[in-house]
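Here the structure is laid out as structure tokens; the discussion comes afterwards.
What's counted below: heavy atoms across the whole structure, side chains too, no hydrogens, waters or symmetry copies.
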2 protein chains.
Amino acid sequence: MACALDQRRYGDSAKRAEAPATLCAMCHARQFAVCGALAEDKLPDFAALSSHLRFAAGQTISEEGAPADWVFSVVSGVIGLHKALPDGRRQTTGFLFAGDVIGLASRIVNACAAEAITDVQVCRFSRSRFEMYMDDNPELRARLLRMTADELSAAHDQMLLLGRKTARERVASFLLQLAERAAARQMPANPIVLPMRRMAIADYLGLTIETVSRTFTNLARAGVIELVDTSTVRIGSMFALRHAAGGR
Amino acid sequence: MACALDQRRYGDSAKRAEAPATLCAMCHARQFAVCGALAEDKLPDFAALSSHLRFAAGQTISEEGAPADWVFSVVSGVIGLHKALPDGRRQTTGFLFAGDVIGLASRIVNACAAEAITDVQVCRFSRSRFEMYMDDNPELRARLLRMTADELSAAHDQMLLLGRKTARERVASFLLQLAERAAARQMPANPIVLPMRRMAIADYLGLTIETVSRTFTNLARAGVIELVDTSTVRIGSMFALRHAAGGR
DNA sequence: CGAACATTTGACGCGACTCAATAAGCGTGG
DNA sequence: CCACGCTTATTGAGTCGCGTCAAATGTTCG
């Protein structure tokens with residue numbers, strides 16, 4: 001069975017274009033370089049393994065259960081990972097921003113589907129060649145282990161949220177998380193930008209769009225946040241927001 | 001701040017005894033050897049890094065948020081990992097059986113608390129020495145990366161369960177999981193043994209003990225399972241159980 | 001045997017879901 | 001620029017699954 005990506009690649013290229021390989025490779029290499037995984041002189045070598053792709057918002061990047069042939073790194077835009085039940089219920093397991101890696105949980109087949117939430121640019125590696133490269137560059141594997149451990153820790157946080165938090169706590173926690181991640185990427189953290197729709201938020205928080213919407217309204221009425229517009233939230237009181245999130 | 005383990009170590013030794021270091025070391029080495037991480041001749045070397053500990057059911061092995069000074073490997077018994085909210089609500093993030101490793105998600109501080117569900121034996125490593133050892137033995141780090149990736153994948157499955165499944169689907173999924181893991185350890189998979197109490201199951205599935213109990217009763221009345229006794233479940237129909245679990 | 005604890009069962013309430021209607025955004029074309 | 005259709009978000013009314021509280025039953029172990 002062909003990887004979903006290849007269906008995209010050859011199927012509907014209208015909304016996707018490939019940048020020159022050299023440019024792409026460098027941009028990706030920078031992503032990793034920032035984190036100190038590789039020495040400067042190894043970058044061109046490593047970058048040559050990658051190719052650069054674009055996806056339009058809404059496109060599927062890879063499908064759950066398909067062979068995990070690729071590792072992706074997000075260059076720009078937002079990607080959502082999700083799992084689904086046969087009847088269509090969906091659970092988003094995470095949102096990925098620039099610098100994040102897709103496929104840390106996947107070894108043989110994709111643990112989750114990956115979908116472009118906004119228009120995105122990614123760098124793509126053959127998983128097998130990526131692994132071979134790690135054999136020769138232990139620092140890269142060490143870094144990947146750290147990243148995977150951090151994602152596992154985040155997954156545990158999300159399990160606490162999904163298993164035990166109320167709708168209000170979930171939404172408040174989500175806003176805090178977005179603010180923190182924006183800050184980590186040197187982006188403004190206070191008027192929080194929500195790049196995803198209510199449906200995507202609901203799928204991430206284990207709620208329905210109606211409940212998400214109502215909860216935003218409630219938090220706004222309580223003065224905790226201000227709904228500037230559908231995709232912009234200003235934090236009224238950080239203290240109140242943390243309190244609403246369940247005190248963590 | 002001292003690690004929780006050390007409080008146990010010197011605080012209430014009544015229920016815990018240490019086996020001789022040599023015996024312990026070998027037993028741990030075997031755990032890893034089984035998985036092919038290290039060559040036979042490196043085992044004594046590696047094993048010397050570890051010490052062997054016992055904990056009685058109910059004891060805390062390490063606390064959430066405490067410095068992640070140790071890596072543990074389960075030799076026998078069952079361990080539960082959990083996170084808690086300030087008001088006491090708990091979410092169990094996983095159960096660990098013989099051969100599993102505790103602390104994959106923890107880098108600086110423990111992501112979860114670890115509690116002995118049954119009497120357990122563990123092998124303990126200093127995290128810093130373990131990491132130094134990985135620097136010299138890339139195979140070990142590669143294996144740890146694979147294990148962490150698998151745990152992340154399992155965490156994603158659990159997020160789907162917690163966010164989207166009904167009580168019946170959660171309980172059925174849990175029973176299937178226990179059966180599969182028992183089989184993986186060469187244990188009988190059909191009369192499923194539940195080593196943990198209803199409270200621990202409820203904390204793992206994001207439910208209450210009452211709902212867990214009622215759901216067991218319902219599944220039994222439907223003929224899907226048979227409740228041999230409180231801690232033993234016989235699967236009546238594997239097909240029906242898979243169906244009840246949501247078809248995955 | 002009896003106390004302490006774990007589990008099951010029952011009655012009831014509430015928070016989140018479902019279904020439905022309305023409002024707001026947003027591109028497209030006149 | 002406004003009208004139009006389409007998608008998305010909000011709001012409302014009613015329902016239901018699971019949580020809460022309480023009591024009964026079973027189990028363990030001194």
Side-chain angles (χ1 to χ4, degrees), chain A residues 15 56-58 80 85 87-91 117-119 161-175 193-222 225-233 244 246, chain B residues 14-15 56-58 80 85 87-91 117-119 161-174 193-222 225-233 244 246:
Chain A
K15 292 194 166 188
L85 289 170
D87 65 3
R89 283 175 286 175
R90 287 187 7 159
Q91 179 62 43
I117 298 289
T118 64
D119 291 354
L161 179 146
L162 293 170
R164 294 303 185 196
K165 289 190 179 181
T166 64
R168 168 180 269 246
E169 289 167 341
R170 294 181 199 203
V171 171
S173 300
F174 174 65
L175 292 174
V193 176
L194 308 175
M196 66 293 287
R197 317 232 150 134
R198 294 291 183 268
M199 177 64 96
I201 298 175
D203 281 343
Y204 184 55
L205 299 179
L207 301 170
T208 60
I209 46 177
E210 294 95 330
T211 299
V212 170
S213 180
R214 273 187 257 270
T215 307
F216 273 126
T217 306
N218 286 342
L219 286 171
R221 276 209 255 271
I225 60 171
E226 178 193 344
L227 292 166
V228 181
D229 65 56
T230 302
S231 61
T232 312
V233 173
Chain B
K15 292 192 166 189
L85 289 170
D87 65 3
R89 283 174 286 174
R90 289 190 1 162
Q91 179 63 44
I117 299 289
T118 63
D119 291 354
L161 180 147
L162 292 170
R164 294 303 185 197
K165 290 190 179 181
T166 64
R168 168 181 269 246
E169 289 167 339
R170 294 182 200 204
V171 171
S173 300
F174 173 65
V193 176
L194 308 175
M196 67 292 287
R197 314 237 152 118
R198 293 292 183 269
M199 176 65 96
I201 298 174
D203 282 343
Y204 183 55
L205 299 179
L207 301 170
T208 60
I209 45 177
E210 293 94 331
T211 299
V212 170
S213 179
R214 273 186 258 268
T215 306
F216 272 125
T217 305
N218 287 341
L219 286 171
R221 277 209 255 269
I225 59 171
E226 178 193 343
L227 292 165
V228 181
D229 64 55
T230 302
S231 60
T232 312
V233 172

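For C:dT8, neither phosphate oxygen OP1 nor OP2 lies less than 4.0 angstrom from any side-chain nitrogen or oxygen of B:T217. In this model, the phosphate group of C:dT8 is approached by a side-chain N or O of B:R198 to a distance below 4.0 Å at OP1 or OP2.
For the atom pair CD1 (A:I225) and OG1 (A:T232), the distance works out to 11.5 Å, reported to the nearest 0.5 Å. In this structure, the separation between CE on B:M199 and CZ on B:R90 is 7.5 Å, given to the nearest 0.5 Å.
Mapping A:D229 and A:E210 onto DNA chain C via the closest heavy atom, the residue that lands nearer the 5' end is A:E210. The 5' end of DNA chain D is approached more closely, in terms of each residue's nearest nucleotide, by A:L227 than by the other of A:L227 and A:R164. For the pair A:L207 and A:T230, nearest-nucleotide mapping onto DNA chain C gives the more 5' position to A:L207.
Between B:M199 atom CE and C:dT7 atom P there is a gap of 9 Å when expressed in whole angstrom units. In this structure, A:I201 atom CD1 and D:dT10 atom C1' are separated by 14 Å, rounded to whole Å. Atom CG of B:L205 is separated from atom C1' of D:dC18 by 13 Å (rounded to the nearest Å). Between the CG atom of B:L162 and the P atom of D:dG19 there is a distance of 12 Å, rounded to whole Å. Taking atom CG on B:N218 and atom C1' on C:dT7, their separation rounds to 15 Å, with Å as the unit. Distance B:I209 CD1 to D:dC18 P: 16 Å, rounded to the nearest Å. If you take CZ of A:R197 and P of C:dG25, they are 14 Å apart, rounded to a whole angstrom. A straight line from CZ of A:F216 to C1' of C:dA24 spans 16 Å, rounded to a whole angstrom.
In this structure, of D:dT10, C:dA6, D:dA9, it is D:dT10 that holds the atom nearest to the side chain of A:S213. Comparing D:dG19, D:dG12, D:dT8 against the side chain of B:T208 picks out D:dG19 as the nearest. Side-chain atoms of B:R214 lie closest to D:dG19 of the nucleotides C:dA16, D:dG19, C:dT18.
With a 6.0 Å radius and a threshold of 12 heavy atoms from other residues, nucleotides or ligands, A:R89 has its CZ atom above the threshold.
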_From CA spacing to verdict: side chain to side chain contact (heavy atoms under 4.5 Å, CB included), B:T215, B:R170_ = CA-CA 9 Å; B:T215 306; B:R170 294 182 200 204; over 6 Å; no
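Looking only at side-chain heavy atoms (C-beta outward), A:E169 and A:L161 stay at 4.5 Å or farther from each other.
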